[in-house]
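Here the structure is a predicted model, which is why all the values come from computation and not from measurement.
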Amino acid sequence: LIPRFALCFLYICCMCRFSCYFSSIHYAVLYYKDSRCLILPMRHTELYTYHAMYNDTIAAISTPPGEGGIGIVRLSGQDALTIARKVFTGEPEDHRVTHGQIIDPDTEEPVDEVLVCYMAAPHTYTAEDIVEINCHGGPMPLQSILELVLKHGARLANPGEFTLRA
């Protein structure tokens with residue numbers, strides 16, 4: 001499938017996708033439980049599906065359930081900063097923590113006093129824009145903020161999707 005010398009120039013991209021250093025050919029890697037792996041070339045339709053699946057912005061509560069002092073809602077994707085600006089009163093700066101309030105834009109009522117950290121791609125865990133909203137712990141503030149960001153364009157992340165994108 002792949003010339004032996006070309007394996008030296010392959011590098012891992014998201015979701016076990018390989019790309020040859022000297023060409024634009026993409027490869028999918030299938031890992032088996034018995035430590036074997038199979039490298040297959042990806043067709044254009046598979047590549048399109050891969051990129052379409054990861055072009056949206058995801059959001060999820062990043063702290064464990066229960067009562068805690070701080071709760072974190074994380075957004076990742078190309079629209080993360082845009083969505084955060086819709087619900088946050090401050091102006092997030094790259095790799096800086098900004099103090100402000102989360103407000104519901106429809107009612108103009110404050111939801112919680114928060115600290116927001118914006119991290120621009122590609123220097124993030126997922127290599128995408130990330131916004132972390134640090135709010136008061138407990139289920140009510142976290143759920144309210146998550147519902148707001150979902151209402152303004154994010155989608156709920158599947159379990160492990162942040163790591164999958166990394």
How far apart are the closest heavy atoms of Phe162 and Tyr125, and which atoms are they? O-CE2, 3.7 Å

Residues that Thr107 engages under side-chain hydrogen bond (donor to acceptor under 3.5 Å, both in side chains), provided they are two or more places apart: none

With clusters defined by side-chain heavy atoms of hydrophobic residues (ILVMFWY) lying less than 4.5 Å apart, directly or transitively, does Val87 cluster with Leu156? yes

Could you give the side-chain donor-acceptor pairs of residues 68-83 under 3.5 Å, partners two or more places apart or in another chain?
unit_1	atom_1	unit_2	atom_2	d
Arg74	NE	Glu132	OE2	2.9
Arg74	NH2	Glu132	OE2	2.9
Ser76	OG	Thr126	OG1	2.9
Ser76	OG	Glu128	OE1	2.7
Gln78	NE2	Asn55	O	3.1

Rounded distance (nearest 0.5 Å) linking atom CD1 of Ile130 with atom NE2 of His95: 8.5 Å

Acceptor/donor pairs from residues 134-145 side chains to any protein atom, 3.5 angstrom cut, sequence neighbours excluded:
unit_1	atom_1	unit_2	atom_2	d
Asn134	ND2	Leu115	O	3.4
His136	ND1	Asp112	OD1	2.6
His136	ND1	Asp112	OD2	3.3
Ser144	OG	Met140	O	2.9

Picking from Ile133, Val131, Val114, what satisfies side chain to side chain contact (heavy atoms under 4.5 Å, CB included) with Phe88? Val114

Which heavy-atom pair separates Arg165 from Ile58 by the least distance, and what is that distance? NH2-CG2, 3.4 Å

Single-linkage hydrophobic cluster, 4.5 Å side-chain cutoff, Ile61 and Met119 together: no

Under the side-chain contact (heavy atoms from CB on, under 4.5 Å) rule, collect the residues that match up with Ala121, sequence neighbours excluded. Asp129

Under 3.5 Å, which donor-acceptor pairs do the side chains of residues 98-106 form with other protein atoms, sequence neighbours left out?
unit_1	atom_1	unit_2	atom_2	d
His99	NE2	Glu113	OE2	2.7
Asp104	OD1	Asp106	N	3.1
Asp106	OD2	Lys151	NZ	2.8

Contacts of type side-chain hydrogen bond (donor to acceptor under 3.5 Å, both in side chains), residue Glu91, not counting sequence neighbours: Arg85

